[in-house]
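What follows is one structure encoded as structure tokens, with my remarks underneath.
So that the names make sense, note that chain A is the first sequence line, chain B the second, and so on, each numbered from 1. Keep in mind the model is a prediction, meaning the values are calculated, not measured.
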Amino acid sequence: MKYSNFFIPTFRENPSDAKLKSHILMLKSGMIKQETSGIYSWLPLGFKVLKKIIKIIEDTHDSHGINQILMPTIQSSDIWKMSERYDTYGKEMLRIIDRNNKELLYGPTNEEMITSIGKHFIKSYKNLPRYFYHIQSKFRDEIRPRFGVMRAREFLMKDAYSFDKDEKSGELTYENFFKLYLSIFEKLGLKIIPVRAPSGEIGGSLSHEFHLLLETGESKIFIDETFLNSNFSKLKIPEIKSINSFTDELYDSLKISKCLKQLKSTELGHIFLFGEKYSKSFDFKIDYNNEKIYPYMGSYGIGVSRIPAAIIELSNDNNGIIWPKEVAPFEITLINLTSDNVSTKLFCEQLYASLKKSNYDVLLDDRFERPGIKFSDADLIGIPIQIIVGKNFIDKKEINIKTRKDLNETTICSDNIFKFLKKMKV
RNA sequence: CGGGGAGUAGCGCAGCCUGGUAGCGCAUCUGUUUUGGGAACAGAGGGUCGCAGGUUCAAAUCCUGUCUCCCCGACCA
């Protein structure tokens, strides 16, 4: 992508309305635009990051036989009346009346809808287990939205749903999703802590949240300190059930006596095994041998649009964002400091083409801007590698490679660029 | 929902107390000179001062109402 074609409206001054570092940087780097309280547009740079995250989530789900679908944002009140959540969900649910006076709502979650889909199509235990997921906007009318996309009203969520024939099979599914989540967060470069959680509004018995430790986080979790360095990926259901870490709500209600460390965090994922709750209320029965059973269900959410903000909270400096390579909008930014010079222009165009040919995701800064502006924009938008081409190239065929993380700069001969990138393991 | 703050050019702000033709910095446009860390000079454009009503000869400024946004808390997860 060429900068001249890519819309990145950066700002020199900090936005007055934002307080959290990630919120400030997302606005300042032109990733998002607030439309109204708790509702945001994703601009090209932000959307590119979001798509990288979505791709990791999709690939991981697809490789585990989880079927991607797309359910609508607008739901009928009928299915919510069936589960009796239409009344209990409260003011967080955005209710809509259509022209025929039919009660609709903007979905805050999709258990009801997936249950109705399951009931419509699944008739036999031989079709189970079956897994579905979708990535779709949700709306929860928070009392007080804040911190940009961290706590938005409209947000993007990955929610998966499982149908099993019985509890035992359901727990195996739950265990698989538990591991799936660990691997997704690992691929995102995030060190995540699973904690036991109350199952709350959705109901059921088994529930865990996946938390990222963050000083500026809104959640509190209680964990055994040895957990900070544990590997959870080998855990089986009995161990998962008895993990020694808790959300504050569960910690309070269980009155845990053992001394646990309290830490601040942000919730990025939440999984539930709620069993027959919805299949029962929908009278969703299937044939099993010579009887009828209610499928055993679970749901598994990831707050997709919250992830970019969480990463920025962890990874930034005074100059701007520092993207980890896993989710960086581009791997490399190629900065031509002298856009009007024929030889640097030609070199950059050729290098840009061959980098793309080698499958590097590159942003070529070909703008007619002064060097200072290009440097500060590059640091602000935080692409991991900067290749800087300017006077040194014209004089000595030398270019500079800068790593955004530590701002270290190396001068190399322009012929050696690919060798150097390989050595850097970009 | 309780408490606090704010709405004036695209962004950041001053002006309001003490009413008298709406300003600054950045950004934008034109020109010249510049060009390895947010350039200089010269010129230009851009405003229903959130909205509605009231007081007044006169309202960004005073009064009343209302909408929106932000922060703290409670709530939610």
Side-chain angles (χ1 to χ4, degrees), chain A residues 9-20 23-24 27-30 33-40 88-94 108-109 138-148 150-153 155 157 159 195-203 207-211 216-221 246-250 252-253 265-272 299 301-303 306 318-320 335-341 344 365 367-381 386-396 398-402 404 407 409 411:
Chain A
T10 61
F11 295 89
R12 189 169 178 168
E13 288 179 82
N14 286 341
S16 63
D17 276 351
K19 197 165 186 191
L20 203 65
H23 190 193
I24 292 170
L27 290 166
K28 202 174 174 182
S29 65
K33 174 185 176 289
Q34 178 170 340
E35 297 302 344
T36 186
S37 180
I39 299 181
Y40 294 83
T88 57
Y89 210 93
K91 287 192 166 178
E92 269 196 33
M93 179 183 279
L94 181 65
T109 179
K138 300 286 185 290
F139 195 96
R140 293 180 189 170
D141 200 358
E142 299 273 351
I143 292 173
R144 184 150 93 86
R146 59 185 117 174
F147 304 141
M150 270 289 204
R151 191 182 183 86
R153 294 193 293 170
F155 58 98
M157 179 167 150
D159 39 329
V195 298
R196 284 158 66 187
S199 37
E201 179 59 42
I202 290 177
S207 179
H208 288 76
E209 292 181 4
F210 294 78
H211 282 251
T216 49
E218 286 192 271
S219 306
K220 273 187 297 196
I221 55 173
F246 306 87
T247 66
D248 61 340
E249 198 184 345
L250 187 62
D252 291 341
S253 67
S265 66
T266 288
E267 177 193 346
L268 295 182
H270 199 164
I271 61 178
F272 305 86
S299 69
I302 291 179
R306 185 180 269 192
N318 288 334
N319 296 334
I335 303 171
N336 184 1
L337 289 181
T338 50
S339 300
D340 50 357
N341 178 281
T344 58
D365 192 346
R367 294 175 299 167
F368 291 95
E369 290 289 353
R370 301 175 59 80
I373 289 177
K374 294 188 177 185
F375 282 129
S376 37
D377 276 343
D379 288 348
L380 176 62
I381 66 180
Q386 299 174 13
I387 300 176
I388 299 157
V389 181
K391 221 164 50 188
N392 295 344
F393 178 80
I394 301 169
D395 298 342
K396 303 174 276 186
E398 282 176 359
I399 59 177
N400 286 51
I401 312 269
K402 192 168 92 178
R404 176 62 185 88
L407 300 175
E409 209 167 324
T411 305

Counting any heavy atom closer than 4.0 Å, what does [X] reach on the DNA or RNA strands: base, sugar-phosphate only, or nothing?
X      : result
A:E398 : nothing
A:D340 : base
A:E92  : sugar-phosphate
A:K402 : base

If pairing requires Watson-Crick or G-U wobble contacts with both distances under 3.5 Å, which nucleotide is the partner of [N]?
N     : result
B:A44 : B:U28
B:A14 : none
B:G53 : B:C63
B:C69 : B:G5
B:A39 : B:U33
B:A22 : none

Run the side chain to side chain donor-acceptor pair (under 3.5 Å) test against A:N14 and tell me which residues pass, sequence neighbours left out.
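With sequence neighbours excluded, A:N14 shows a side chain to side chain donor-acceptor pair (under 3.5 Å) to A:K28, given in chain and number order.
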Quickly work out the [X] [atom1] to [N] [atom2] distance and round it to whole Å.
X      : N     : atom1 : atom2 : answer
A:Y89  : B:C76 : OH    : P     : 12 Å
A:F11  : B:C11 : CZ    : P     : 7 Å
A:D365 : B:G38 : CG    : P     : 15 Å
A:L268 : B:A77 : CG    : C1'   : 13 Å
A:K33  : B:G10 : NZ    : C1'   : 11 Å
A:L27  : B:G12 : CG    : P     : 10 Å
A:E218 : B:A77 : CD    : P     : 14 Å
A:F155 : B:C76 : CZ    : C1'   : 11 Å

Can you list everything that forms a ring-ring contact (aromatic ring centres under 6.0 Å, His included) with [X]? Sequence neighbours excluded, please.
X      : value
A:F246 : none
A:F139 : A:Y106
A:H211 : none
A:F147 : none

Checking [X] now: which residues fulfil side-chain contact (heavy atoms from CB on, under 4.5 Å) with it, not counting sequence neighbours?
X      : answer
A:S253 : A:L250
A:K220 : A:D248, A:Q262
A:T10  : A:Y3, A:I8, A:D377, A:L380, A:I381
A:F393 : A:S343, A:T344, A:F347, A:V389, A:K397, A:I399, A:S414

Table of protein N/O atoms under 3.5 Å from nucleotides 66-74 of chain B N/O atoms:
unit_1, atom_1, unit_2, atom_2, d
B:C69, OP1, A:T36, OG1, 2.7
B:C69, OP1, A:S37, N, 3.1
B:C69, O3', A:Q34, NE2, 3.2
B:C69, O2', A:D17, OD2, 3.0
B:C70, OP1, A:Q34, NE2, 3.2
B:C70, OP2, A:S37, OG, 3.0
B:C70, O3', A:D17, O, 3.4
B:C72, OP2, A:R144, NH1, 3.3
B:C72, OP2, A:R144, NH2, 2.7

At less than 3.5 Å, do the side-chain atoms of A:E369 and the base atoms of B:G38 form a donor-acceptor pair?
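Under the 3.5 Å cut-off, the side chain and the base do not form any donor-acceptor pair.
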Between the base of B:G38 and the side chain of A:E13, is there a donor-acceptor distance below 3.5 Å?
no
Could you run through nucleotides 39-45 of chain B and give me one letter per nucleotide, 5' to 3': B if any protein heavy atom sits under 4.0 Å from the base, S if only the sugar-phosphate is that close, - if neither?
B------
Identify, between A:K220 and A:D379, the residue whose nearest nucleotide on RNA chain B lies closer to the 5' end.
A:D379
Assert: residue with more 5' nearest nucleotide on RNA chain B, out of A:N14 and A:P371, is A:N14
Calculate, to the nearest 0.5 Å, the distance between atoms CD1 and CZ belonging to A:I373 and A:R12 respectively.
7.5 Å
If I take atom CG from residue A:L268 and atom NE2 from residue A:H270, how far apart are they, to the nearest 0.5 angstrom?
12.5 Å
So does A:R146 get a backbone contact from the side chain of A:K19, meaning a donor-acceptor N/O pair under 3.5 Å?
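Checked: no pair found.
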Show your reasoning for whether side-chain hydrogen bond (donor to acceptor under 3.5 Å, both in side chains) applies to A:Q386 and A:D379.
CA-CA 9 Å; A:Q386 299 174 13; A:D379 288 348; 2.8 Å; yes
N/O to N/O distances under 3.5 Å, protein versus nucleotides 14-16 of chain B:
none

